[in-house]
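Here's the structure we're looking at; comments come further down.
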Amino acid sequence: MTPTLAAIRFGLGLPAGPAMQSPAAMLALLAGPDPAVALFEGFGLTRVQPIYYAAASARQAARRGDVQRVAYRLKLRDVQEQALRGVQTEVARAVASPDAFRERLVRFWADHFTTEPKFQIEAALPGAMVEDAIRPHVAGRFADMLRSVTLHPAMLLYLDQVKSIGPNSTAGQRKGAGLNENLARELIELHTLGVGADYGQADVRGAAEVLTGATATPDEGFVFDADWAEPGTAQVLGRSYDGVGVARIHALLDDLAAHPATGRHLARKLAVHFISDTPDETMIDAMAAAYAASGVLLDVYAAMLQHPAAWAEPLVKARQPVDFIVAALRALAVPPDTIMAMGRGTFRKRVMLPLRAMGQEWGRPGGPDGWEEEANMWITPEGLAARITWAMEAPGLIGPLPDPRALLAVALGDRATERLIWAVGAAESPREGVGLILASAEFNRR
């Protein structure tokens with residue numbers, strides 16, 4: 001391996017800091033405290049919920065008249081501003097954190113456990129889930145992350161668990177309501193065992209029965225309502241789950257996390273994301289074995305980084321738009337305080353709208369299976385045109401432009417080809433030279 005390859009494939013580009021000098025250094029930093037959390041306070045539920053609750057209450061009151069509708073619109077604006085501020089914080093953290101591998105992993109797991117707001121008042125909840133349920137567990141036990149994510153209000157709302165009522169429960173018999181299987185299906189098919197694993201519709205229904213009672217409210221967050229819980233014994237993958245309560249849900253989640261298919265599904269997904277769309281099978285074997293031995297994600301990453309296939313040439317993945325913009329801001333040495341100081345309109349214009357034009361609107365992949373991984377899904381005529389436009393225009397708006405020849409060494413190191421070196425040297429202006437670097441194939445590969 002080289003620090004340059006490590007920084008591009010597993011981090012957020014050059015310059016490579018001390019953490020990217022070796023797999024051991026990358027893992028040691030990941031095993032410690034999250035340095036990004038110390039940089040800027042995040043937007044977890046403790047910050048998000050009061051504004052969310054106020055907006056939910058104002059929405060109910062808005063039915064009573066025009067004055068209340070105006071008040072609701074103001075509360076809704078507060079929610080939208082908080083959600084956007086949360087994205088700013090995540091971008092600034094990624095730009096400034098010395099642990100770029102961790103930042104990549106946070107985004108990987110946020111995509112693995114995709115949630116989207118269904119209503120405007122829920123706009124800040126997906127970011128809160130990342131802060132509360134993903135960041136703290138990135139290097140820990142997957143079972144702990146799975147528990148935290150599955151029972152987070154963002155997930156319960158997104159996959160309609162708040163509408164799922166046991167048919168034989170107290171509430172089910174009173175209301176004539178029934179199960180909603182969305183969360184149960186995605187829990188098995190996407191979050192744990194994976195598509196094609198050995199499970200059937202009966203297992204999905206059994207999991208849906210176990211999950212009944214898990215719901216969320218704007219004022220309390222996650223709550224367990226025993227009146228909604230399906231009584232009796234549920235069967236999932238040959239195991240029985242008795243009783244009613246959160247303990248039964250935890251038991252199901254722990255069993256799904258420990259299933260052999262889960263380890264292999266997660267191993268393959270990580271390898272595809274970081275290394276190749278057709279990863280080395282012996283590396284998948286090593287990663288799955290590490291997962292089976294401990295269930296600890298840090299051990300899975302270690303198995304990946306210590307395998308020779310992790311350092312194979314050439315770079316065959318494409319930087320997704322979020323990574324592209326963050327890598328560009330890091331290479332340009334844009335201070336994170338500059339990002340945080342941007343007003344709402346400025347940040348939308350310079351980051352959020354360009355991401356949408358590149359094909360990756362922040363946090364909105366359009367389905368629970370997350371973003372596509374194949375390079376040809378990102379390097380499209382429209383997406384590439386948007387990248388080139390951003391590369392030519394945005395850097396000069398964010399800060400003073402560096403000397404393009406100096407930036408070439410900082411951003412690509414020995415990855416710059418002779419043709420690109422010549423083109424940058426022949427550029428008619430610093431703006432054109434910087435744009436050529438950021439729009440180049442070399443910079444857009446990882």
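For this chain, numbers begin at 1 and follow the sequence in order. Computed from a prediction, not measured in an experiment: that's the story for all the values here.
In this structure, the side-chain contact (heavy atoms from CB on, under 4.5 Å) partners of Ala208, at least two apart in sequence or on a different chain, are Leu179, Glu181, Ala184. Applying the salt bridge (charged side-chain N to carboxylate O under 4.0 Å, His left out) test to Arg47 and every residue at least two apart in sequence or in another chain returns Glu41. By the side chain to side chain donor-acceptor pair (under 3.5 Å) test, Tyr52 pairs with no residue at all, sequence neighbours left out. Residues forming a side-chain contact (heavy atoms from CB on, under 4.5 Å) with Thr282 (at least two apart in sequence, or on another chain): Asp280, His307. Remark: Asp34 pairs with Ala36, Val37, Arg102, Glu103, Arg135 by the side-chain contact (heavy atoms from CB on, under 4.5 Å) rule, at least two apart or across chains. Among residues two or more places apart in sequence or in another chain, the salt bridge (charged side-chain N to carboxylate O under 4.0 Å, His left out) test is passed with Asp160 by Lys118, Lys163. Residues satisfying the side chain to side chain donor-acceptor pair (under 3.5 Å) test with Ser148, not counting sequence neighbours, are His137. Listed by chain and residue number, nothing satisfies the side chain to side chain donor-acceptor pair (under 3.5 Å) test with Thr2 (two or more places apart in sequence, or in another chain). Residues satisfying the salt bridge (charged side-chain N to carboxylate O under 4.0 Å, His left out) criterion with Arg93, sequence neighbours excluded, are Glu90, Glu131. Glu313 is linked by a side chain to side chain donor-acceptor pair (under 3.5 Å) to Arg415, counting only residues two or more places apart in sequence or in another chain.
Between the side chain of Arg9 and the main chain of Lys317, no donor-acceptor pair closer than 3.5 Å is present. For Glu230 (side chain) and Asn168 (main-chain N/O), a donor-acceptor pair under 3.5 Å exists by modelled atom type. Counting only distance, with no hydrogens or angles, the side chain of Ser276 and the backbone of Val272 share no donor-acceptor pair below 3.5 Å. In terms of modelled atom types and a separation under 3.5 Å, the side chain of Thr192 and the main chain of Leu187 share a donor-acceptor contact. With hydrogens and angles ignored, the 3.5 Å screen pairs a side-chain donor or acceptor of Thr212 with a backbone N or O of Glu209. Put simply, the side chain of Asp132 gets close to the backbone of Leu45: a donor and an acceptor are under 3.5 Å apart. Between the side chain of Trp390 and the backbone N or O of Arg350 there is at least one donor-acceptor pair closer than 3.5 Å. Side chain of Asp225 to main chain of Gly213: no donor-acceptor pair is present (N/O by atom type, distance under 3.5 Å, no hydrogens or angles). A side-chain donor-acceptor contact under 3.5 Å links Asn444 to the backbone of Leu438. Side-chain atoms of Gln80 come within 3.5 Å of backbone N or O of Gln120 as a donor-acceptor pair.
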- salt bridge (charged side-chain N to carboxylate O under 4.0 Å, His left out) between Asp242 and Arg248: does it pass, once the steps are laid out? CA-CA 7 Å; Asp242 298 315; Arg248 182 168 77 154; over 6 Å; no
- Item | Intermediate values then yes/no, side-chain contact (heavy atoms from CB on, under 4.5 Å), Ile275 and Met304 | CA-CA 10 Å; Ile275 301 163; Met304 177 174 66; 3.9 Å; yes
- Query: So Val149 and Thr115, side-chain contact (heavy atoms from CB on, under 4.5 Å) or not? Walk me through it.
  - Reply: CA-CA 10 Å; Val149 166; Thr115 60; 6.0 Å; no
- Check the pair Trp371 / Thr114 against side-chain contact (heavy atoms from CB on, under 4.5 Å), numbers first and verdict last. CA-CA 9 Å; Trp371 297 107; Thr114 289; 6.0 Å; no
- Item | Verdict with reasoning, His273 to Glu373, per side-chain contact (heavy atoms from CB on, under 4.5 Å) | CA-CA 6 Å; His273 177 76; Glu373 281 289 349; 2.7 Å; yes
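Minimum heavy-atom separation, Ala100 to Met20: CB-CE, 4.1 Å. In terms of heavy atoms, Leu12 sits closest to Asp323 at CD2-OD1, 3.7 Å. Between Ala318 and Ile379 the shortest heavy-atom distance is CB-CG1, 3.9 Å. Closest heavy-atom contact between Leu30 and Leu105: CD2-CD1, 3.7 Å. In plain terms, the two heavy atoms of Met1 and Ala6 that are nearest each other are CE-CB, 3.6 Å. Listed here is the closest heavy atom pair of Asp277 and Glu374: OD2-CA, 3.5 Å.
Atom-to-atom distance recorded for Asp254:CG and Leu146:CG is 8.0 Å, nearest 0.5 angstrom. Note that the CD atom of Gln235 and the CZ atom of Arg205 stand 13.5 Å from one another [nearest 0.5 Å]. The CD1 atom of Ile437 sits 4.5 Å away from the CG atom of Leu408 when rounded to the nearest 0.5 Å. For the atom pair Ile51 CD1 and Ile121 CD1, the distance stands at 13.0 Å (nearest 0.5 Å).
Counted within 6.0 Å of CG on Asn376, heavy atoms from surrounding residues, nucleotides or ligands total more than 12; the atom is thus considered enclosed. Residue Gln201 qualifies as enclosed at atom CD: its count of foreign heavy atoms under 6.0 Å is above 12.
Inter-residue side-chain proximity for Glu116 and Pro365 is flagged as met; some heavy-atom pair is nearer than 4.5 Å. Between Met342 and Arg348 the shortest side-chain heavy-atom distance does not fall below 4.5 Å. By the 4.5 Å heavy-atom criterion applied to side chains, Met155 and Glu186 are not counted as neighbours. Residues Asp403 and Leu407 fail the side-chain proximity criterion, which asks for heavy atoms closer than 4.5 Å.
Here Phe113 and His191 bring their ring centres to under 6.0 angstrom of each other. For Trp311 and Phe10, the ring centers are positioned less than 6.0 Å apart.
If you check the side chains of Thr215 and Gln161, you find no donor sitting under 3.5 Å from an acceptor. Under the 3.5 Å distance criterion, with hydrogens and angles disregarded, a donor-acceptor pair is assigned to the side chains of Tyr241 and Asp255.
A perpendicular orientation is assigned to the rings of Tyr301 and Phe101, their planes being inclined by more than 60° (bins at 30° and 60°).
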Anything under 3.5 Å between a donor and an acceptor, one on a side chain of residues 256-269, the other on a protein residue two or more places apart or in another chain? List them.
| residue | atom | partner | partner atom | Å |
| --- | --- | --- | --- | --- |
| His259 | ND1 | Ala261 | N | 3.0 |
| Thr262 | OG1 | Leu256 | O | 2.6 |
| Arg264 | NH1 | Asp285 | OD1 | 3.0 |
| Arg264 | NH2 | Asp285 | OD1 | 2.7 |
| His265 | NE2 | Leu190 | O | 3.0 |
| Arg268 | NH1 | Glu281 | OE2 | 3.0 |
| Arg268 | NH2 | Glu281 | OE1 | 2.9 |
| Arg268 | NH2 | Glu281 | OE2 | 3.0 |
| Lys269 | NZ | His112 | ND1 | 2.9 |

Return all side-chain donor-acceptor pairs below 3.5 angstrom for residues 324-339, not counting sequence neighbours, or 'none' if the list is empty.
| residue | atom | partner | partner atom | Å |
| --- | --- | --- | --- | --- |
| Arg330 | NH1 | Ala94 | O | 2.6 |
| Arg330 | NH1 | Val95 | O | 3.4 |
| Arg330 | NH1 | Ser97 | O | 3.2 |

